Amino acid sequence: MRRALGVVAALALLGGVAFALIPDDRKKDTTTTVTVTGLIGSEKRAFFENDDVKAELAKQGLVVRTDSTGSWTMSDQAGRTPGLDFAFPASSAPAREIQRIWKLQDSPMVPFYSPLVIVAHEPVAKVLRDNKLADLDATGVWTFRMDEYVNALKGNRRWEDLAGAGAHPELSGQLFVTTTDPESSSSGAMYLALLSYIANNHQVVSDDAGVAAVKDVLYKANALQGIQKSSSDEPFRDFGAGIGSPLIFAYESQAAALSLQGKPTGDMVVLYPDTTVYSDHTVVAHTDNGRKLADALQNDEVLRGLEAGFGLRPQAEPEAFANLMREKKPTFAPDLTAAKVKQATLPSLDNLLKLTTAAKGTK
């Protein structure tokens, strides 16, 4: 345990991100301070680097040092890096694997979550709607019809086959959604989990027979993309720059954060798959200090508000997100149940790895 007085210098850790969380109070600080070291998904880097987040965690007596890594490689790093207090992947499957490696029995905390969505430009969304691949409700919330999309994949449907697509030269070739690499990125793996659920008659794939039943559509959906990026930031940035695929699988929080930060979103539309998966940002606490951090992230009211400010939905206070996004553009669903968005059941990590292997066409 360390005691911090005044300003603590930022330290380097494993070539990753490291920082100190310091109170603004210039008077002598008698708060007992603990240093908490852990792994985070890169999508949470900006949150932990935020000055307001640092200040609020400092009030809890926490100095946080992090190394950012992909959620799907995090379990390997957790198993060979000594001295870690926590790991914080973007979904529950790698969290369960880290729990197994660390031989933990207690349930990890999920301070916040973000549904996976599809982002598109408004003219593209309208083409999808006119061809029964998307819907727009009276409140301005868009949904993406997953069963129709899977049928389009199976039938090799092309953009040129869709009414109205001819007015948009960029809409050519086979219709598919661009994702990250499922072998390294959580969002890419979650896309395969979602597709497998839909293709398996809305049932979770739970055995080799289920993998065999969906492998062809997974392979097609993956192969159409060519080279995939390893981080969810990359295809999302490409979309913002007007390059890349017309349809991008992304975290809702990525689009929401742009709007909340006052950055231009242009004609971006957020389409909620009518059945989707949630990215449950899960804290696996390895030590008491890790548990202290997890508790603060989940239960501190100020931190919950800051989480919402980054486009995340606090588990204990989801209305915080809805309140912030009211009147924001693009339109976000304040309540996913009211928007008739269902949640797919995720397969076990073992079966998800088999689905990834099938999608890659490897043995």
Side-chain angles (χ1 to χ4, degrees), residues 91 113-155 157 159 161-165 174-179 182 186-205 210 213-214 217-218 220-222 224 232 239 245-256 268-280 311 313 318 321-322 325 330-347 352 355:
S91 56
Y113 65 96
S114 183
L116 274 298
V117 300
I118 294 167
V119 294
H121 295 292
E122 187 173 20
V124 176
K126 289 180 177 178
V127 169
L128 294 174
R129 180 196 59 191
D130 292 345
N131 289 272
K132 302 186 185 305
L133 283 156
D135 293 303
L136 176 64
D137 72 13
T139 68
V141 173
W142 286 85
T143 51
F144 186 77
R145 301 177 70 178
M146 285 300 301
D147 288 279
E148 292 299 322
Y149 173 59
V150 169
N151 288 336
L153 284 173
K154 290 178 177 179
R157 200 170 185 186
W159 282 105
D161 299 332
L162 304 186
Q174 281 196 242
L175 191 157
F176 65 89
V177 175
T178 291
T179 74
S186 180
S187 59
M190 293 298 96
Y191 174 72
L192 294 184
L194 174 57
L195 272 190
S196 70
Y197 181 86
I198 301 296
N200 196 40
N201 297 315
H202 290 246
Q203 298 291 324
V204 64
V205 171
V214 302
V217 72
L218 296 189
K220 183 178 293 185
N222 202 68
L224 285 169
S232 59
F239 175 85
S245 170
L247 302 174
I248 303 293
F249 199 62
Y251 297 108
E252 178 194 55
S253 58
Q254 290 176 285
M268 178 191 293
V269 166
V270 173
L271 299 105
Y272 293 86
D274 53 13
T275 300
T276 191
V277 290
Y278 291 1
S279 176
D280 290 330
R313 294 180 184 247
F321 172 88
M325 301 315 300
T331 301
F332 295 87
D335 185 295
L336 296 171
T337 301
K340 299 181 180 179
V341 173
K342 299 176 183 178
Q343 185 175 6
T345 303
L346 295 179
L352 190 50
L355 292 170

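These numbers come from a predicted model, not from an experiment.
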Query raised in the report: Nearest 0.5 Å, what's the CG-CG distance between L175 and L247?
Result: 6.0 Å
Query raised in the report: Got R145 and D135 here, is their nearest side-chain heavy-atom distance under 4.5 Å?
Result: yes
Report summary line: Here the gap from W142 atom CH2 to T331 atom OG1, rounded to the nearest 0.5 Å, amounts to 10.5 Å
Requested in this report: Flag the pair D147 / I198 as yes when at least one side-chain heavy-atom distance between them is below 4.5 Å, and no otherwise.
Outcome: yes
Report task. Starting at CG of N222, measure out to CG of L355 and round the result to the nearest 0.5 Å. Result -> 11.5 Å
Report task. Identify the two heavy atoms, one from V177 and one from Y149, that lie closest to each other, and give their separation to 0.1 Å. Result -> N-OH, 3.0 Å
Report summary line: OG1 of T179 to CG of L194, rounded to nearest 0.5 Å, is 11.5 Å
Report summary line: Tightest non-hydrogen contact, residues S114 and E252, listed as OG-N, 3.3 Å
Report task. Flag yes if more than 12 heavy atoms outside K220 fall under 6.0 Å of its NZ atom; otherwise flag no. Result -> yes
Report summary line: Rounded to the nearest 0.5 Å, the CZ atom of F249 sits from the CG atom of L116 at a distance of 3.5 Å
Query - Inter-residue atom distance R129.CZ - L271.CG, 0.5 Å rounding - result: 11.0 Å
Query raised in the report: When you check the side-chain N and O atoms of S232 and S187, is any donor under 3.5 Å from an acceptor?
Result: no
Query raised in the report: Does any N or O in the side chain of N131 come within less than 3.5 Å of the main-chain N or O of L133, such that one atom is a donor and the other an acceptor?
Result: no
Query raised in the report: Listed by chain and number, what are the side-chain hydrogen bond (donor to acceptor under 3.5 Å, both in side chains) partners of T276, not counting sequence neighbours?
Result: none
Query raised in the report: For Y113, which of Y278, Y251, F321 qualifies under ring pair (Phe, Tyr, Trp, His ring centres under 6.0 Å)?
Result: Y278
